[in-house]
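Okay, structure first, notes after.
FYI, side chains are in, hydrogens and waters are out, and symmetry mates aren't considered; it's all heavy atoms of this structure. Both ligands and their constituent atoms are indexed starting at 1 by order of listing.
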Amino acid sequence: MTEEHARPEAFTLAVCAEMVFRSLPVTDRLKRITELGFVAEIWDWTKHDIPALARSGATFSSMTGYVTGTLADDDGANELIRTARLSIPVAKEIGCPRLNLHGTGLDGQGLPVVRSDGVTGAMWLKARDTLNRIADLGEEEGVTFVLENLNEAVDHPKTPFAKAADTIALVSAIDRPSLKLNLDLYHAQIGEGNLIELCRQALPFIGEIQVADVPGRKEPGTGEINYPAIARALNVMGYSGVIGLEAWPSEDDELALSRFRQAFTL
Ligand SMILES: O=C(O)C(=O)CO
């Protein structure tokens with residue numbers, strides 16, 4: 001679509017700075033992302049020079065990766081709160097409104113500390129208590145935590161509370177503005193499919209949506225997901241928030257970003 005024919009975007013489009021323009025230093029990636037009209041996501045903040053991020057001129061949508069721990073046991077929950085507390089001043093310094101959480105943590109060997117097939121009723125109740133503690137912290141500090149769904153089949157084997165249905169169940173049970181969903185449609189397509197209906201069920205609890213195509217986690221338009229149809233459905237449902245690209249460019253980075261924009265320009 002040419003500039004003259006492009007219509008105003010119905011969503012705020014974000015790009016993960018860890019996955020594009022990777023030959024450049026991260027601050028230059030952020031500048032490029034900003035020049036192209038996107039907001040930005042970063043991963044583990046401990047890997048970055050925070051004042052440089054703050055000076056980069058980028059608008060940040062979310063941070064992911066450092067808030068680690070587990071939802072369903074005491075030590076893991078304390079670790080989650082500890083890493084969340086350390087992340088909050090950083091989020092404030094760079095003006096980032098959302099901090100991402102996952103349903104599990106990894107042990108020293110990088111393995112999930114809890115197996116998905118071992119999730120018990122008591123663990124669900126404990127996960128709910130942990131997320132209520134996280135929501136308390138978000139409320140006190142004026143930040144939003146977002147719980148992301150993952151896929152077990154390809155990227156995150158044996159992760160408890162991985163499915164979008166699990167994250168919707170937990171976040172809706174808590175039902176507080178400081179704890180929302182990061183609805184990742186790439187992970188959901190692998191794990192569950194039925195994406196438009198999933199968006200409809202998740203809608204009241206969505207803090208942000210993330211996207212990539214399947215297979216390969218590349219930009220929209222390279223695989224099996226009909227993102228233009230999802231964009232139209234989200235618009236009809238009244239969603240006008242952040243759509244974040246968390247994808248590896250299939251060829252050229254700018255081409256990937258323009259395909260992303262095109263998929264979500266109504
Ligand atoms: O770890 C992943 O796969 C993610 O989607 C992070 O947001």
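Ion pairing between D44 and K47 holds under the 4.0 Å rule for side-chain N and carboxylate O. Between E251 and K218, no side-chain nitrogen of the basic residue sits less than 4.0 Å from a carboxylate oxygen of the acidic one, so the salt-bridge criterion is not met. Salt-bridge annotation for E141 and R85: absent, with no side-chain N of the basic residue lying under 4.0 Å from a carboxylate O of the acidic one.
The residue N182 has no part lying near ligand 1, judged by heavy-atom distances below 4.0 Å.
Ligand 1 has a nitrogen or oxygen under 3.5 angstrom from a nitrogen or oxygen of R217. Ligand 1 has no N or O atom lying under 3.5 Å from any N or O atom of W43, backbone or side chain.
Residue contact check: H102 has heavy atoms under 4.0 Å from atoms 1 (O), 6 (C) of ligand 1. Ligand 1 places these atoms under 4.0 Å from at least one heavy atom of D184: 5 (O).
Nearest to atom 2 (C) of ligand 1 by heavy-atom distance, out of H156, E148, E41, Q210, is H156. Of the options M63, E18, E246, the smallest heavy-atom separation from atom 4 (C) of ligand 1 is shown by E246.
Checked against the 6.0 Å centroid threshold, W43 and Y66 do not count as a close aromatic pair.
A pairwise comparison of heavy atoms in D213 and I225 identifies OD1-N, 2.9 Å as the closest pair.
Heavy atoms of D155 stay at 4.0 angstrom or farther from ligand 1.
Figure legend: cation-pi geometry between R176 and F205 absent, as NZ or CZ is not positioned both under 6.0 Å from the six-membered ring centre and within 45° of its axis.
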